[in-house]
Amino acid sequence: MVSTERPERWAKQLVSHLGRRAAIEETSEGRALALSKGTGIVATGDGALILIARGSDEEHTAAVQDILQRHLLRFATREQLTIEWEPIAPTD
């Protein structure tokens, strides 16, 4: 999760940028990006940008986290965002 006063702006910019190379699908969780190592989900909440990274294993999940994080931080250099990743239960 990323605390920010402009979650919609960063979500739109991140999905637009990554969507040039990844398929985008609207899901109940948010906009899902089909990345090479897994799926990145981008959503917004009250004062927060919500990022979910899913991969087939820990290495792939970490790679998806890295992609989402690097691109977001590149856009938001002036805002000095902090990304806090929380583990989520695996889905079967």
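- Here Leu49 contributes atom CG and Glu8 contributes atom CD; the two are 9.5 Å apart, rounded to the nearest 0.5 Å.
- Here the CD-CD1 distance, from Gln69 to Ile83, works out to 4.0 Å after rounding to the nearest 0.5 Å.
- Atom CZ of Arg74 is surrounded by more than 12 heavy atoms from other residues, nucleotides or ligands within 6.0 Å.
- Using a 30° and 60° split on the angle between ring planes, His71 and His17 fall in the tilted class, from 30° to 60°.
- The shortest distance between side-chain heavy atoms of Leu18 and Leu68 falls below 4.5 Å.
- Of all heavy-atom pairs between Pro7 and Gly45, the closest is CG-O, 3.9 Å.
- The CD atom of Glu29 lies 10.0 Å from the CD1 atom of Ile50; values are rounded to the nearest 0.5 Å.
- In this structure, NZ in Lys12 is found 13.0 Å from CZ in Phe75, a value given to the nearest 0.5 Å.
- Separating the CD1 atom in Ile67 from the OG atom in Ser36 is a distance of 5.0 Å, to the nearest 0.5 Å.
- Ile24 approaches Gly19 most closely through the heavy-atom pair CD1-CA, 3.6 Å.
- Distance CE/Met1 to OG1/Thr82: 12.0 Å, rounded to 0.5 Å.
- Counting heavy atoms from C-beta on, the side chains of Arg31 and Glu25 never come closer than 4.5 Å.
- Minimum heavy-atom separation, Leu81 to Ser3: CD2-O, 3.9 Å.
- Using a 4.5 Å cut-off between side-chain heavy atoms of Ile, Leu, Val, Met, Phe, Trp and Tyr, with links allowed through other members, Val64 and Ile52 fall into different hydrophobic clusters.
- Side-chain contact between Leu51 and Trp85 is present, with heavy atoms from C-beta onward closer than 4.5 Å.
- Using a 4.5 Å cut-off between side-chain heavy atoms of Ile, Leu, Val, Met, Phe, Trp and Tyr, with links allowed through other members, Trp10 and Val15 fall into the same hydrophobic cluster.
- Leu73 is not listed as a side-chain neighbour of Arg70, based on a closest heavy-atom distance of 4.5 Å or more.
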